[in-house]
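Before we start, here is the structure in question, set down as structure tokens.
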Number of protein chains: 2
Amino acid sequence: MKRGKVSIRDIARECNVSVATVSRVLNNSGAVKEETRKLVQSVIDRYNYRPNELARGLYTQRTKSIGVIIPEVTNHFFAKVVLEIEKAAIEYEQTVFLCNTLSDNALQDFYTLRLSEKQVDGLLLLGGRANETKTNVQYVKLLKDYIYPTPVVIINGKLDNYYDNCASVSSDEHEAMFQALDYLTSLGHRKIGFLGGKRGIMSTDIKLNALKEAESSFNYVMKEEWIKLSNYTYQGGVDAMLELLKEKELPTAIISINDEVAAGIINTCISKGYSVPDDFSVLGFDNSSISTVTMPKITTLSHPYEELGSIAVDFLNNMINDKPLKDVTNINLKMNLVERESCSRPRRDT
Amino acid sequence: MKRGKVSIRDIARECNVSVATVSRVLNNSGAVKEETRKLVQSVIDRYNYRPNELARGLYTQRTKSIGVIIPEVTNHFFAKVVLEIEKAAIEYEQTVFLCNTLSDNALQDFYTLRLSEKQVDGLLLLGGRANETKTNVQYVKLLKDYIYPTPVVIINGKLDNYYDNCASVSSDEHEAMFQALDYLTSLGHRKIGFLGGKRGIMSTDIKLNALKEAESSFNYVMKEEWIKLSNYTYQGGVDAMLELLKEKELPTAIISINDEVAAGIINTCISKGYSVPDDFSVLGFDNSSISTVTMPKITTLSHPYEELGSIAVDFLNNMINDKPLKDVTNINLKMNLVERESCSRPRRDT
DNA sequence: ATAATTAATGTAACGCGTTACATCTTTTAT
DNA sequence: ATAAAAGATGTAACGCGTTACATTAATTAT
């Protein structure tokens with residue numbers, strides 16, 4: 001085993017100093033005579049020497065790498081969060097391993113193990129297993145068996161009460177539904193539908209529950225026939241809307257599980273000769289890029305992307321460095337309404 | 001320094017065998033008595049032991065990690081390629097470090113160094129420095145100084161002839177423009193414009209050059225006034241189209257630098273009372289998700305995403321394992337036309 | 001000038017999996 | 001039964017940066 005790259009010993013030899021001294025100038029630690037430091041630094045530069053993070057991590061038990069597991073980066077929501085995570089991680093000198101599970105649970109397990117072998121300092125989970133309404137026990141066991149005590153932070157999901165070195169940062173979708181309902185009812189809507197999503201997934205169940213709970217606070221009616229679940233895609237929006245259109249009585253406003261679905265709904269309305277927002281106000285969720293390209297542009301509830309990423313990374317880093325996480329380990333961030341063009345006062349009977 | 005996790009020595013002690021034997025069952029290498037193997041394996045399982053990849057990598061000089069540097073994952077094109085890269089990488093048991101430069105060259109340099117310290121087995125570059133028409137010499141020097149001899153593969157870009165352990169995989173955008181022109185002229189268009197993009201960036205310059213070269217092969221005219229560069233965004237499409245609309249004479253077909261720009265163009269046309277494709281046929285590029293949500297849907301030239309990712313990773317792996325790369329180290333893959341709704345025969349004088 | 005501090009620097013072990021090489025068994029051949 | 005070959009397992013060095021501890025040099029105090 002011989003390495004092409006130069007090692008700290010090569011530098012030490014060249015400088016006639018010990019590796020300890022080189023290490024000291026490398027880390028700006030310990031006392032090193034200015035003269036020595038300059039000499040060593042010059043040799044380091046001349047040889048384009050960079051310390052081997054593997055060796056460093058092996059000894060320090062810190063790899064400065066964190067793992068991020070998501071369903072798919074091609075989904076704009078995840079892409080935005082990943083970007084924010086990375087921007088925040090860089091502040092802590094962490095580099096991210098990105099793992100796409102393709103919503104395949106076995107693959108999520110596989111990656112979890114893989115990241116454990118890579119000795120990541122922390123794990124960030126979003127979607128998939130972490131966004132199921134009833135926490136998956138086997139997955140938690142996997143974490144306990146192979147990841148513990150490495151800290152885990154969940155974004156928009158949960159696992160807490162099961163894995164005890166875990167925190168979470170979420171968008172408050174429950175409260176967001178109240179905002180949505182407040183907005184829509186104040187616009188004059190009384191008949192409100194809900195399209196897209198899938199039961200068993202937190203982001204759907206939370207909204208559905210809020211929809212029911214809010215009925216007593218706001219002046220609207222929600223009928224089961226106005227709830228058409230499908231999935232989270234554009235096509236899901238099309239399908240759900242087509243389904244809704246079969247009903248004899250129709251709502252005047254529609255809340256969509258996300259913007260992709262909202263886009264599908266809007267385009268379906270238009271294709272069928274309806275106007276948005278005149279015939280149907282369509283409210284989106286997420287504030288993803290698609291929301292500004294439909295016509296009309298989508299009024300939507302935005303995730304606090306930047307905070308979601310930065311707070312999650314903060315949490316993770318505090319845990320990595322054993323700093324107490326104040327009182328709360330699970331925080332909910334407010335979503336905010338971005339008014340664009342897809343909602344207005346209802347044209348028809350309110 | 002004491003570790004919480006169990007190490008190979010713990011397993012060895014528990015089994016009353018040497019670490020070599022444990023290592024052998026771990027890697028299925030060397031001769032191990034079936035009985036011993038079973039014993040060791042059972043202890044490994046019981047202790048939830050997983051080998052430390054850092055230690056392994058330190059000795060083997062292979063980290064099974066590759067670095068991917070891109071401008072931003074939030075850009076759908078990059079997200080798709082990254083996803084394909086990862087799907088391909090998993091076949092080679094590689095995990096990917098994702099680095100977003102935010103199109104900041106200093107950050108790209110920073111990440112390049114960082115990945116070098118992480119001892120990645122290979123580097124995958126897309127966009128940014130690797131997509132500038134004139135290769136950035138300083139960046140190549142950085143690669144030579146700190147990355148070499150680690151192999152590098154560029155996707156949709158180049159650096160070749162400079163860094164000698166480098167291959168590239170690209171979409172043939174030049175040929176794609178010929179396809180585009182062939183398609184548009186055969187539809188009857190003779191006046192063709194080009195919107196979006198930015199000079200100095202390969203994906204723009206290649207198309208622009210092709211546009212000029214192709215004039216002798218196809219029956220169309222291209223005027224300088226019909227070329228409005230801006231950038232690669234939706235807003236860029238809006239701006240460019242608004243600019244174009246100021247001209248007295250207008251083209252009947254427009255080629256956009258990408259689908260985001262095409263979407264901006266389409267929506268601008270519609271807002272201004274024009275019809276797409278009747279008044280203007282608008283052709284996109286990339287086949288990104290936005291192309292199916294505009295109305296009309298965008299006819300576009302698609303990148304061979306899956307191959308782009310898998311071939312790039314193949315190349316990288318061959319280089320990592322010192323397998324010769326056949327003859328070619330730079331390959332061009334055919335893009336293909338996806339017909340949707342944004343192009344038709346011209347309504348006006350052809 | 002000498003002792004007492006403080007500053008610089010060196011030595012060697014450590015973290016953990018791998019593997020070349022050596023040693024000890026077991027099996028096969030004669 | 002004995003030598004030769006094959007199989008199983010162990011020992012220890014290695015990859016490389018870090019750091020506790022020891023040692024030596026330079027200052028400061030007395």
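Each chain gets a letter, A, B and so on, in the order the sequences are listed, and its residues count up from 1.
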- Give the rounded distance in Å between these two atoms: CD1 of Ile8(B) and C1' of dG10(D).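 After rounding, the gap between these two atoms is 13 Å.
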
- Salt-bridge present (Asp10(A), Lys5(A); N to O < 4.0 Å):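 No salt bridge links Asp10(A) with Lys5(A).
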
- Query: For residues Ser65(B) and Lys118(B), is any side-chain donor paired with an opposing acceptor at under 3.5 Å?
  - Reply: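 Their side chains do not contain a donor-acceptor pair, so the 3.5 Å distance test is not met.
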
- Message: Of the options dG10(C), dT18(C), dG10(D), whose atoms approach the side-chain atoms of Leu26(B) most closely?
- Response: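 Out of dG10(C), dT18(C), dG10(D), the nucleotide with an atom closest to Leu26(B)'s side chain is dT18(C).
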
- Message: Using the side-chain heavy atoms of Tyr49(A), tell me which of these nucleotides is nearest: dG17(D), dA7(C), dC16(C).
- Response: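 Minimum distance to the Tyr49(A) side chain belongs to dG17(D).
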
- Item | Rounded interatomic separation in angstrom, taking CD from Glu34(A) and P from dA25(D) |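 In whole Å, dA25(D) P and Glu34(A) CD are 21 Å from each other.
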
- Message: Tell me the bend of the helix from dA1(C)-dT30(D) to dT30(C)-dA1(D) as the angle between end helix axes, each from five pairs, rounded to the nearest 10 degrees.
- Response: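 So the angle between the two local helix axes works out to 40°.
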
- Item | Out of dG17(D), dC16(C), dG10(D), whichever nucleotide has its closest atom nearest the side chain of Tyr59(A) |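 Looking only at side-chain atoms, Tyr59(A) lies closest to dG17(D).
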
- Message: Counting the atoms with a prime plus P, OP1 and OP2 as sugar-phosphate, which does Thr36(A) contact under 4.0 Å by heavy atoms, base, sugar-phosphate, or nothing?
- Response: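 Thr36(A): backbone/sugar contact only, no base atoms under 4.0 Å.
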
- Item | dG15(C) OP1/OP2 closer than 4.0 Å to side-chain N/O of Asn52(B) |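 For dG15(C), neither OP1 nor OP2 has a side-chain N or O of Asn52(B) closer than 4.0 Å.
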
- Query: With a non-hydrogen cut-off below 4.0 angstrom, is Ser7(B) in contact with a base, only sugar-phosphate, or nothing?
  - Reply: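 Touches sugar-phosphate only.
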
- Task: Would you indicate, yes or no, if dG17(D) has its OP1 or OP2 atom less than 4.0 angstrom from a side-chain nitrogen or oxygen of Asn27(A)?
- Result: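 Looking at the OP1 and OP2 atoms of dG17(D), neither is under 4.0 Å from any side-chain N or O of Asn27(A).
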
- Message: Rounded to whole Å, how long is the line connecting atom NZ of Lys118(B) with atom C1' of dG17(D)?
- Response: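 Atom NZ in Lys118(B) sits about 14 Å away from atom C1' in dG17(D).
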
- Given dG15(D), dG10(D), dT9(C), which nucleotide is nearest the side-chain atoms of Gln61(B)?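 For Gln61(B), the side-chain atoms sit closest to dG15(D).
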
- Query: Closer to the 5' end of DNA chain C via nearest nucleotide, is it Glu53(B) or Ser18(A)?
  - Reply: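 The 5'-side residue here is Ser18(A).
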
- How many angstroms lie between atom CG of Asp109(A) and atom OG1 of Thr101(A), to the nearest 0.5 angstrom?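 The CG atom of Asp109(A) sits 10.0 Å away from the OG1 atom of Thr101(A).
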
- Using whole Å, report how far CZ of Arg9(A) lies from C1' of dG10(C).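 About 13 Å, once rounded to whole Å.
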
- Message: Output the rounded distance in Å from CG (Asn28(A)) to P (dT18(D)).
- Response: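 Atom CG in Asn28(A) sits about 12 Å away from atom P in dT18(D).
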
- Presence of Thr21(A) side-chain N/O under 4.0 Å of dG10(C) phosphate oxygens OP1/OP2: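 Checking dG10(C) against Thr21(A), a side-chain N or O does come within under 4.0 Å of OP1 or OP2.
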
- Pick one: which of Lys64(A), Arg56(A), Arg50(A) meets salt bridge (charged side-chain N to carboxylate O under 4.0 Å, His left out) with Glu117(B)?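 Exactly one pass, corresponding to Arg50(A).
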
- Sidechain N-carboxylate O distance under 4.0 Å for Asp164(A), Lys144(A):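 Salt bridge: no.
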
- Send over the distance from Gln119(B) CD to dG17(C) P, rounded to a whole Å.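 Going from CD in Gln119(B) over to P in dG17(C) covers 18 Å.
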
- Query: Which whole-number value in Å describes the distance from Arg62(A) CZ to dG15(C) P?
  - Reply: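 Nearest whole value for this atom pair: 16 Å.
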
- Is it true that Glu35(B) and Lys38(B) make a salt bridge, defined as a side-chain N closer than 4.0 Å to a carboxylate O?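 Not counted as a salt bridge, because no side-chain N and carboxylate O are separated by less than 4.0 Å.
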
- Query: Between Lys33(B) and Leu54(B), which has a closest nucleotide on DNA chain D that is more 5'?
  - Reply: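 Its nearest nucleotide being more 5', the pick is Lys33(B).
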
- Message: Using whole Å, what does the distance between atom C1' of nucleotide dA8(D) and atom CG of Leu39(B) come to?
- Response: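 Roughly 14 Å, once rounded to whole Å.
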
- Message: Judged by each residue's nearest nucleotide on DNA chain D, which is more toward the 5′ side, Val19(B) or Leu58(B)?
- Response: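 Final value for this comparison: Val19(B).
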
- Between CD1 on residue Ile147(A) and OG1 on residue Thr150(A), distance to nearest 0.5 Å: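 That separation rounds to 6.0 Å.
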
- Which atom names give the shortest non-hydrogen contact between Ala312(A) and Ile155(A), and what distance separates them?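 That closest heavy-atom pairing would be CB-CD1, 3.6 Å.
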
- Message: Mind checking if Asp10(A) touches a base, just sugar-phosphate, or nothing, with heavy atoms under 4.0 Å?
- Response: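 Nothing, no heavy atom under 4.0 Å.
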
- Message: Does Ser23(B) reach a base, just sugar-phosphate, or nothing at all? Heavy atoms under 4.0 Å.
- Response: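 Base contact.
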
- May I ask you to verify whether the side chain of Arg24(A) and the base of dG10(C) hold a donor-acceptor pair under 3.5 Å?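 Indeed, a donor on one side and an acceptor on the other fall under 3.5 Å apart.
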
